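Nothing here was measured: the structure is a model prediction, and the numbers come from that model. Excluded from the calculations below are hydrogen atoms, water molecules and symmetry mates; all remaining heavy atoms, backbone and side chain alike, are included. Start at 1 and go down the list; that is how both ligands and their atoms are numbered.
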Amino acid sequence: MPELDSHTYDLIFAGGGAAALSLAVQIVQSPLPYRRILIIDPDPKERNDRTWCFWSTAPVFCESTVSHRWNRLAFVSDGVNLHLDTHPYDYRVIRSIDFYRHTLEILKASGRVSFLRASVESIADSDPTSDMATVIAGGIAHRAHWVFDSRWVAVAYRGANPRRHYLQQHFLGWTIRTPNDQFTPDRATLFDLRVPQEGVFRFVYTLPFSTREAMVEYTLFSADLLPPQQYREALETYLQDQLGISEYEILDEESCVIPMTDEEFPRAAGRRIMRIGTLGGRVKASTGYAFLRIQQDSAAIVRSMIERGTPFHNRLPPRRYKTFDAMLLQILFRRGERGKEVFTALFTRNPIGRIFRFLDEVGTVRENLLLMASVPWFLFIRAWFAIRFSKRV
Ligand SMILES: Cc1cc2nc3c(=O)[nH]c(=O)nc-3n(C[C@H](O)[C@H](O)[C@H](O)COP(=O)(O)OP(=O)(O)OC[C@H]3O[C@@H](n4cnc5c(N)ncnc54)[C@H](O)[C@@H]3O)c2cc1C
């Protein structure tokens, strides 16, 4: 490898959030020889800015940062109160601040990673013949053999393709403390659909950390966001009417927008530039979950670099999962009020493991068909025709 000057690196990460930190750690812990790595992000990652949940049967590479886990999940709707045993999966939560501290510590201790607190202005292959890409940040050009771009700002994402769906997962979550015992700490509520739907799929999600402390999130899957006051009012009403909680202290607040879209997010932005994380299409279109997918993607990229010398040789999941996602988005986009019926059928008629495997895009065709047969299939057939022939509208 040629001698590197002060602005030349083996790898540059544009954006230093979940995807960049996950991949950077997996690279420094691998046999890959990269010694000069630069992570550029204006955010120092010193705040707990989000809470990640995911299910898994196996430990993840940042397992020590898991703060809670549940083996029982509740699904609640009108007249339905399911307690689901998730074995062999458990549902885990990671506070982002723990993840940032843990990964930054590993990266700093490796002695291979520098950090630049700046905004990346542009990224391009250096020239058609070179094996470098150039990143402009803070008015300075930095060059690297590979650039991983994960720049993402969480605002409502709307692409321009009229044949695609652009929904958002948007929510307000409060971590609350109550003066009396109110929560069942060994059971998280994945969906409580007993909130007015008003034409849009809405639910409340509760992570109980103790009998008196829980994160309660009012969540919508829809095209448009609400005025801020409406999320607060909905949470207050839910706590009062459904949980009978009127006295509580708000310890923390989390709100956000996650893209739910069947738009393609190309992985390559140049010969030497790979998009990762949300920007690289790692958010599951029909659920908004991305954290475990990002870990798996990081492992696949490292494998590809070791075996092929390029990050781009990754196996794609079967194409049918994109169609399933698009059908659900079409239903939620056109008939949000039917979301409650679809999710209730899904959870009452399938073992939770089958649902997790479906969402992880690893279920067998037979399992997928059983699952599709359990939901109001005419809605999905209609959605399929709409996607196939007229798409979104
Ligand atoms: C509040 C919240 C809760 C979530 N909860 C879950 C969950 O429970 N489970 C789950 O699976 N997924 C969840 N997600 C979705 C997903 O896992 C996260 O969004 C995850 O952080 C995505 O990782 P990322 O690296 O793509 O984006 P981020 O972690 O957002 O990183 C993007 C980085 O790019 C930086 N950046 C932006 N512009 C520039 C620029 N011009 N130059 C340099 N840097 C730039 C930003 O500062 C940021 O650090 C959640 C998302 C949010 C926002």
Side-chain angles (χ1 to χ4, degrees), residues 12-26 38-56 60 62 65-70 91-100 103-104 115-123 135-140 142 147-157 168-175 188 190 205-207 215 217-219 231 252-261 265 267 274-298 301 356 359-360:
I12 293 178
F13 289 86
L21 295 173
S22 303
L23 178 56
V25 168
Q26 296 200 34
L38 177 67
I39 298 180
I40 309 174
D41 196 312
D43 181 349
K45 300 293 170 201
E46 288 164 354
R47 279 183 317 116
N48 185 47
D49 57 3
R50 62 201 63 184
T51 308
W52 288 299
C53 285
F54 58 95
W55 54 84
S56 179
V60 290
C62 48
T65 61
V66 171
S67 59
H68 280 82
R69 61 185 74 227
W70 295 269
Y91 195 71
R92 304 177 199 175
V93 60
I94 293 180
R95 294 167 71 241
S96 64
I97 188 64
D98 299 331
F99 177 85
Y100 298 146
T103 50
L104 289 172
F115 297 87
L116 176 62
R117 206 161 310 157
S119 228
V120 169
E121 292 138 39
S122 67
I123 308 174
V135 177
I136 310 286
I140 296 174
H142 306 266
V147 174
F148 296 101
D149 188 4
S150 63
R151 287 171 294 162
W152 188 264
V153 178
V155 289
Y157 175 73
Q168 325 292 333
Q169 179 178 139
H170 45 120
F171 54 81
L172 172 68
W174 287 340
T175 301
L190 202 54
Y205 167 76
T206 301
L207 301 177
M215 190 173 96
E217 246 173 41
Y218 177 65
T219 308
Y231 299 91
D252 203 2
E253 181 171 299
E254 171 177 304
S255 64
C256 203
V257 189
I258 302 173
M260 295 178 74
T261 176
F265 285 79
R267 299 307 306 266
M274 184 183 211
R275 291 177 172 155
I276 58 172
T278 310
L279 186 67
R282 295 304 88 202
V283 176
K284 172 82 173 160
S286 55
T287 64
Y289 281 96
F291 186 77
L292 191 62
R293 291 160 66 89
I294 285 171
Q295 308 315 323
Q296 291 163 342
D297 190 50
S298 303
I301 291 171
F356 282 164
L359 298 177
D360 287 340

Using a 4.0 angstrom limit on heavy atoms, which residues are close to ligand 1?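 Protein residues near ligand 1 are G15, G17, A18, A19, I40, D41, P42, D43, K45, R50, T51, W52, C53, A118, S119, V120, S150, R151, W152, V153, F171, E254, C256, I258, G277, T278, G288, Y289, A290, F291, I294.
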Any donor-acceptor N/O pair, S96 side chain to R50 backbone, under 3.5 Å: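 The answer is yes, because a donor-acceptor pair under 3.5 Å joins these two groups.
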Please check if the side chain of E254 supplies one atom and the backbone of T51 the other of a donor-acceptor pair under 3.5 Å.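 Such a contact is found between E254 side chain and T51 backbone.
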Can you tell me how far apart CG (L172) and CD (E217) are? Round to the nearest 0.5 Å.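 Output value for this atom pair is 8.0 Å.
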Over 60° means perpendicular and under 30° means parallel, so tell me whether F291 and F99 are parallel, tilted or perpendicular.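 Rings of F291 and F99: perpendicular, over 60°.
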Parallel under 30°, tilted from 30 to 60°, perpendicular over 60°: which one fits the rings of Y231 and H170?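 Correct class here is perpendicular.
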Electrostatic pair R267-D297, nearest N-O below 4.0 angstrom: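 So R267 pairs with D297 through a salt bridge.
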